[in-house]
There are 4 protein chains.
Amino acid sequence: MTERESAADTPKPRRRRKDARPGEIIEAGLQEFAENGFAATRLEDVAKRAGVVKGTIYRYFSSKEELFEAALASRITPFFDDVAGLVAAYPGSSEELVRTALPRIYKALFEDGLHVMMRIIITEGGRFPAIAELYHQRVISRGQEVIAALVRRGVERGEFRRSALTDLPIVVVAPAVMTIVWKMTFDRFEPIETRRFLDAHVDMVLEGLLAKDRGGTEAADG
Amino acid sequence: MTERESAADTPKPRRRRKDARPGEIIEAGLQEFAENGFAATRLEDVAKRAGVVKGTIYRYFSSKEELFEAALASRITPFFDDVAGLVAAYPGSSEELVRTALPRIYKALFEDGLHVMMRIIITEGGRFPAIAELYHQRVISRGQEVIAALVRRGVERGEFRRSALTDLPIVVVAPAVMTIVWKMTFDRFEPIETRRFLDAHVDMVLEGLLAKDRGGTEAADG
Amino acid sequence: MTERESAADTPKPRRRRKDARPGEIIEAGLQEFAENGFAATRLEDVAKRAGVVKGTIYRYFSSKEELFEAALASRITPFFDDVAGLVAAYPGSSEELVRTALPRIYKALFEDGLHVMMRIIITEGGRFPAIAELYHQRVISRGQEVIAALVRRGVERGEFRRSALTDLPIVVVAPAVMTIVWKMTFDRFEPIETRRFLDAHVDMVLEGLLAKDRGGTEAADG
Amino acid sequence: MTERESAADTPKPRRRRKDARPGEIIEAGLQEFAENGFAATRLEDVAKRAGVVKGTIYRYFSSKEELFEAALASRITPFFDDVAGLVAAYPGSSEELVRTALPRIYKALFEDGLHVMMRIIITEGGRFPAIAELYHQRVISRGQEVIAALVRRGVERGEFRRSALTDLPIVVVAPAVMTIVWKMTFDRFEPIETRRFLDAHVDMVLEGLLAKDRGGTEAADG
DNA sequence: TATGAATGAGTCTTCATTCAT
DNA sequence: TATGAATGAAGACTCATTCAT
C-alpha cells in the first residue's frame, strides 16, 4: 500500500497477518499476564501485542481465563529433568554437584525465561488453584524429587550430614525463590546481580554460616 | 493509640454497629487485597467486610488506590526493630542468636500476620512501585541492616566465616520468603508445617549441607 | 427544571431521577421485549426508555434474562378470575354467558394490554421454557378451567351439546388467539377491527356454520 | 444455472459431502430460524447444519437477512391451491367439504412442515414487514379466498347460515392457528394431540356449542 | 457522617461479514 | 467455488466513583 513496498514482485510481500497463530497469542498473553496479573490484563493489549484483533483471540481460546490457563500450561516444562539427569549421572562429589546444579537452575530461571512462569504462579496461584495444582504436580513435585535425590546422594555418600534440612530438601532452593521475588519487587530500587544471589546461595547451602573448624578452639560465645 | 480514647471508660456512646472508622476499612481492605490482589478486589467487598457501605469508603479515601496505599502504609511496621534490639544486646553465641532470631521472625510473619503484607508486596509490588519503594525503605532495608549486623557480629567474633553469603546477608532469610510463597500457592496441595520450614531454615543457615569435619570433638548441636 | 414548578417550596423540586424504580424498568423492558423480542432487545434501549442508564438496570436485575423473566412474571395476572367469577355467578342462559364472557376476554386482551404479554409468550415461549411454564400454570391452566366450567355449565343445563369441542374446551378461545396473531403480523397490511373478530368468534362458538334446522320453533336468540 | 454446466452429463464429478448448494443452506436456515428466531440464530449454526462453512453462505446470500428472506420466500408455497381445487370441484355437501378440507390443512401444516413457516412468520413477522407482507399476499390472502369460497358455497347452497362468521371467514381456521401456537409454547407442559385439536375444530366450525334442537324437546344429555 | 441509588467508562465476549488462499 | 482465519462493531456486564438525601 505504500510505495516503499512497490519495488517487490514478491507474491506475499508482508504475508498479511498469517503469523497470528495461537502461539503468538499465548506468548503475548504470557507477557501481559506476567506484567499485569490476570485481572489487570486487558485482552485488547494481548491482542495488540500478538498483532491481532481482540476477536481473534476467541478463535483459539474461549475466554480470558482459558487463554491464561492455556498459556501457563503450555510453558509447564519439565525443566528439572535436566537437573535430574545431571544428578543421576554425576561422577564427582556432591559438593561439586551442587555447584553445578544450582547454576543450571539459575540459568533456566533467569536466562531461559522460566521466572516469568514463576512470577505468574506466585502472583496468581492463590486465585487459580487449578493452575497452581498443575504447576505443583508437574514442576514443584518433580523439583522436590530431584533436589531430594541430590541431597540423598550426598547423605548416602557421607558427604552431607543428615538434618532438618535434609528432611525438607526443597528449602535448599529457597534463595532462588527469593531471587525471583526480589527481582520482581525490589530490584528497581536496589538492583542486585543474579550472580551474587547465586554465589551466596551456593555458599549457604553448602557451608552455612558457621566457621568450619570449630574444633578444639570452640571460639565463640564462651 | 490516641489520647482521645484515654479519657474515657465510656462505653462508646453512639457509633454504629461495626464501628466504621478508617481502621475497620483499612483492615478489611488489607484482607481483601491480600486475598484477591488490587485489581480483583472490589470495594463493595471491602465495604461489606468493614460493615459499611461502598460510599462510606470515599469519606476516608479518595480512591481505591489511595485506600490500598493507606492500608499498606499503615502496616509498614518496623518489625525488625525487635530483632535489631535482640542483636544489639545479645549476650550469647551468634549461633544461639540465630536460633533465637529466626523463630522471632517467623512468629512475626506467620503468627502476627505480617505475611499478609508480604503477600501483597510480592503480588502487587511490581505494579505499585511507590508502595514497593516505601516497603523497601522501611522494611527491607532495615531488615537487611539487622541481618547484616547479625552476620557481621558473628564474623567479627570469629564464629561465622566470611563468604559470599556474608557479602549478601539478606539471603540468610530466603527460606522465610520461600515459606511465604509456599503458603500462598502450594500449601493447599502439599501442606507443610511452618515449623518444619523454620527448622530446615535454621539448619541450613547455620550448617549448610556439608558434613563438617569438626575435628574429634563432634561438638555441635547434638 | 421548569418554571411551572417554581411556585413550590417543595424540597424536592424535580426529584432527580427518583422514579427509576424497578417498576419503570420492568415496564420499559416489557415494551421493548414485546417490540423486538428478547434477543434483539438492547438493554441500552430499555434503560433509555426507563429514563435511566444501562448500569442501573443491574442494580435490580442481575442479567438481561432475569429482567425478562421478572418483567413477565410481574404481569402474570389472574385475569381469568374475573371471568371465573362471572361464570360462577351467572344467572342467565349459557348463550348469554358466552356473549358476556368473550367480550370481557377481548377487552382484557386488547384494551387492558394483556396481548402484549401474549405476544411475548408466543414469540419467546419456545426459547424460555421456564417462562412458558409459569404462564401455562398461572394463566393458561386457569383459563382452561374457566372455559371448561363455562362449557360444562352449558352442557349440564342442556344448553350445549356434548362433543369433541366440549372435550377440548380451550379451542373455544382459539379465535382470540388468532386475533392476537393477526394483530401482530398482518394487521398492517389488512387491518381488521377487533370487534369483527369478536363477533365472528361469538358467532362461531355458539352456532357454528351450519344452518340449523330449528324445527318450526325458530327458538333461539331472536 | 450457468451454461458451463450444460455441457456435461458428468455425474457431478466433484462436489463435497453434503452437496452444499443454496438448497441445503436454505433448509438449514429455515430450521434454525424456526427454532431460535432471526436474531438468536447464528450463521455458524446454519452453516454447520448445512454441512458447510460460515463463509460459504455468503457465496449465495449477501447477508443474514437475505438468507432469511430467501429461505422464507422459497417456502411460500401456494399450499391452499390444493384446498382451492378441492372446494371448486367438490360434489358433496358443504359439511362434508369442511370435514375433508380441514384435515387437509392440518396435514399440510403438521405433517408437511408448513407450521415451521407459520412459526417463523408469527414470531418474526412483526419485525420483518416485508416478509409478513409477502406471506400475507401469497398465502394468507389466498387462504382467505379459499375459505371464503368454501363458506360462500355453503351459504349459497343453503347449507350454511349467513352470519358475522361468514363475513369474516378467516376465523374459521382460527383453531389451526391456535394449535400452532400451542405446539410451539405449551405443548411440552401439556401435550395435546393434534388430532384432538382437529376434531374440536371441525366440531366447532360446523356446529358451534349450542344444542341444535332447542325446540320443546330439550333432548340432550339430561 | 453515612447511605445507597445512580452513573458511565471500561472490558469481555459474540458474531455477521470479509478476504486471502 | 469453498475454506476458515481474521476483522471489528456491537452489546452485555462490572465496578469505581459520584451525589442527593
Side-chain angles (χ1 to χ4, degrees), chain A residues 11-12 15-22 39-47 50-67, chain B residues 14-17 20-21 39-47 51-67, chain C residues 11-18 20-22 39-47 51-67, chain D residues 2 4 14-17 20-21 39-47 51-67:
Chain A
K12 292 181 196 170
R15 71 190 170 81
R16 221 161 83 85
R17 176 115 310 138
K18 224 3 305 169
D19 43 347
R21 289 140 307 175
T41 288
R42 294 178 314 161
L43 249 15
E44 177 103 41
D45 293 338
V46 175
V52 299
V53 146
K54 228 181 342 174
T56 302
I57 295 176
Y58 287 85
R59 173 158 292 283
Y60 302 100
F61 310 97
S62 63
S63 70
K64 183 183 179 181
E65 187 160 340
E66 191 178 288
L67 167 60
Chain B
R14 27 87 252 196
R15 192 172 264 170
R16 307 182 156 277
R17 58 202 132 129
R21 290 143 312 174
T41 288
R42 292 177 313 165
L43 251 17
E44 178 99 41
D45 293 337
V46 174
V52 299
V53 164
K54 227 186 339 177
T56 304
I57 295 177
Y58 285 84
R59 202 137 282 292
Y60 300 100
F61 309 96
S62 65
S63 72
K64 184 183 180 182
E65 188 159 341
E66 191 178 302
L67 166 61
Chain C
K12 293 181 199 173
R14 56 232 137 106
R15 68 193 172 78
R16 218 160 84 86
R17 176 115 310 137
K18 217 26 272 188
R21 288 141 308 176
T41 289
R42 294 178 314 162
L43 249 17
E44 176 104 41
D45 293 338
V46 174
V52 298
V53 147
K54 227 181 343 173
T56 303
I57 295 177
Y58 288 86
R59 174 158 292 282
Y60 300 101
F61 309 98
S62 64
S63 71
K64 184 182 179 181
E65 186 159 341
E66 191 179 289
L67 166 61
Chain D
T2 69
R4 249 171 297 151
R14 30 72 270 189
R15 191 173 263 167
R16 307 185 156 277
R17 58 206 134 130
R21 289 143 314 174
T41 288
R42 292 177 313 164
L43 250 17
E44 178 98 41
D45 293 338
V46 174
V52 299
V53 163
K54 228 185 338 175
T56 304
I57 295 177
Y58 285 84
R59 205 136 281 292
Y60 300 101
F61 309 96
S62 65
S63 73
K64 184 183 180 182
E65 189 159 340
E66 192 179 300
L67 167 61

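In what follows, chains are A, B, ... by sequence order, proteins preceding strands, each numbered from 1.
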Nucleotide E:dT14, atom C1' - distance to CG of D:Asp45 in whole Å: 12 Å
Does the side chain of B:Arg59 get closer than 4.0 angstrom to OP1 or OP2 of E:dT1 through an N or O atom? yes
Start at the 5' end of DNA chain E and walk down; is the nucleotide closest to B:Lys54 or to C:Lys54 reached first? B:Lys54
Rounding to an integer number of Å, can you tell me how far B:Glu44 CD sits from E:dG4 C1'? 10 Å
Once rounded to the nearest 0.5 Å, what's the spacing between atom NZ of B:Lys54 and atom OG1 of B:Thr56? 11.5 Å
OG on C:Ser63 to CD1 on C:Ile57, rounded to 0.5 Å: 11.0 Å
How is D:Ser62 classified with respect to the nucleic acid when contacts are heavy atoms under 4.0 Å: base, sugar-phosphate, or nothing? nothing
d(CD, C:Glu66; C1', F:dA12) in whole Å: 14 Å
Of D:Tyr58 and A:Lys64, whose nearest nucleotide on DNA chain E comes first from the 5' end? A:Lys64
Need the pair for E:dA16. Rule: Watson-Crick or G-U wobble, both distances under 3.5 Å, any strand; none if unpaired. F:dT7
Could you say whether B:Ser63 or A:Ile57 is positioned toward the 5' end of DNA chain F, judged by the nucleotide with the nearest heavy atom to each? A:Ile57
In terms of heavy-atom contacts, A:Lys64 and A:Thr41 come closest through NZ-O, 2.8 Å
Atom-to-atom span, OH of D:Tyr60 to P of E:dA16 - whole angstrom: 20 Å
Partner lookup for E:dT21, please. Criteria are Watson-Crick or G-U wobble with both distances under 3.5 angstrom; report none if nothing qualifies. F:dA2
Over all strands shown, is D:Arg42 touching base, sugar-phosphate only, or nothing at heavy-atom distances under 4.0 angstrom? sugar-phosphate
The side chain of A:Leu43 is closest to which nucleotide in this list: E:dT3, F:dC13, E:dC12? E:dC12
B:Glu65 CD to F:dC15 P, in whole Å, measures 18 Å
